[in-house]
Amino acid sequence: RRLRRDRLEARARCCDRISILSNVSDTRREPLPAQIRPVIRLAGLVVLTDTLFFAVLSPLLNGYAESAHLDRAGVGLLVAAYPLGMVLGAIPAGLLASRWGSRRLVIAGLAVTAAVSLLFTASSSGSALIIFRFLQGAAGASSWTGAMSWASSVSPPDRRGEIVGRLLGLSVVGSILGPVFGAAASLIGAVWVFGAIALSLAVLAVIAMRMPNPAQAPSQGFTGAFQLMTDQRVRIGLWLIALGGCTIGVINSQAPLELSALGMTAVGISIVYLAMSGAAAVVSPLVGRQSDRNGRGRITLVLLVVAALSMVAAGFATPLVLVIPLLIVAGTGLEALYVPGSALLWDGAAKADTGTGEILAMANMIWAGAMAIASVFAGVMVTSLGYSSPFIAVAVLACATAPAVLPIARADRQERTSGVT
């Protein structure tokens, strides 16, 4: 009788745990609260347009080089002007996010981007194009920081990963649409395309004006952001974002040359990158939901293992039939690290009850800096050690990151277990 009673009690406890877990899962499948949906939609459109402007110039470079009489160094400076503007604009964007609030920063960033885009289209000299492209990047840093900070301030704690995944998925969509808009501008004229984009930005700014001011936690400036780095989650989050930037720097600088050497045309290479971006756009929201459901640490460990293995394989593979899918898997896996990385930043800022503007600005700077440094070192390593060396280096960094993520995975597991019991 006692054994039967114990079995019945154990079965009842098991049923209670299953019921609790199913209720949690069902809750997370529900739509986002109605009051925050407009903010998330607006933030998604903002990050989409920012990445669209980042990628729109590629098909237009030859035309601008001829019309503005730019040599190769001038073209390189024109390409670098936008990310340089983002890096240098990140610090004032973070400060303004705490002083103005995220809504005003979004409005200002959108308005400046729209105005500068029209000036960029009307310019004919190389120096003016570079200056206005730089200002586009600085304004984009403002709107990006404001949008992400605004979304962070309204996100429920148990849906942060999902929301980050949605926003970053839309940013990847923007990187896909950028070259498409650039190609359209080369056919029908940059004035029409850039004018339409500027009008869309103005409309988004008007929509933001009509929305209520978000309730944000007070910020302690960059002093508070540096103090946040005592939190292990914030440190790991920043490192995951930097690791993603390193991967993009290696793949974007070296993979096209290798694919070309293997006989692939420019159109084929663009299709590979289109597939990579499309896969990242699909995977990012899924990774966000899994990070909410199973914890940031566990999904990060999975991404690190998959990305490390695929990076090593992509570095040594020679047939195109193997190189292409391995590059897509490696790029998608490591780019998806932005999702748990950003969610960890939001978690750390929420726990400290402080604003996220400065820490998001630091994340932008770290991402851009890691991508630039990795691009340079990848070229040096390939020249001296061979094509596979930078891929192996990124894989080693991914493997070295795993032990630092294990405590977060254990803490997530303990938190879920205590919540169930």
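Just one of V306, I324, L309 meets the side-chain contact (heavy atoms from CB on, under 4.5 Å) condition when paired with V329; it is V306.
Atom CG of residue L240 and atom CG of residue L303 lie 9.0 Å apart, to the nearest 0.5 angstrom. Distance SG/C399 to CD1/I392: 11.5 Å, rounded to 0.5 Å. Here the straight-line distance linking atom CG of L337 with atom CD1 of I299 works out to 9.5 Å at 0.5 Å rounding. How far CG of L204 is from CD1 of I107: 11.0 Å, rounded to the nearest 0.5 Å. Note: Q136 CD to L119 CG = 9.5 Å, rounded to the nearest 0.5 Å. Interatomic distance, F134 CZ to L129 CG, rounded to the nearest 0.5 Å: 15.0 Å.
Contact detail for A275 and I328: the closest heavy-atom pair is CB-CD1, 3.8 Å. Nearest heavy-atom pair, S310 versus A307, reported as atom, atom and distance to 0.1 Å: OG-O, 3.0 Å. In this structure, T145 and A141 approach most closely via the heavy-atom pair OG1-O, 2.8 Å. The heavy-atom pair separating L326 from A317 by the smallest distance is CD1-CB, 4.0 Å. Taking every heavy atom of both residues into account, V106 and A147 meet most closely at CG2-N, 3.3 Å. L110 approaches A205 most closely through the heavy-atom pair CD1-N, 3.7 Å.
Looking at heavy atoms from C-beta onward, V405 lies out of side-chain contact with W239 at the 4.5 angstrom threshold. Within the 4.5 Å cutoff, no side-chain heavy atoms of L135 are placed close to those of V112. Between L45 and T49 the shortest side-chain heavy-atom distance does not fall below 4.5 Å. No side-chain heavy atom of V46 sits under 4.5 Å from any side-chain heavy atom of W150. Between I408 and T300, every side-chain heavy-atom pair lies at or beyond the 4.5 Å cut-off. Inter-residue side-chain proximity for W144 and V47 is flagged as met; some heavy-atom pair is nearer than 4.5 Å. Contact annotation: the side chain of L243 approaches that of L304 to within less than 4.5 Å [non-hydrogen atoms, C-beta and beyond]. Residues F391 and E258 are not in side-chain contact: their nearest non-hydrogen atoms beyond the backbone lie 4.5 Å or more apart.
Checking side-chain atoms of R103 against main-chain N and O of M209 turns up a donor-acceptor pair under 3.5 Å. Checking side-chain atoms of T121 against main-chain N and O of F194 turns up no donor-acceptor pair under 3.5 Å.
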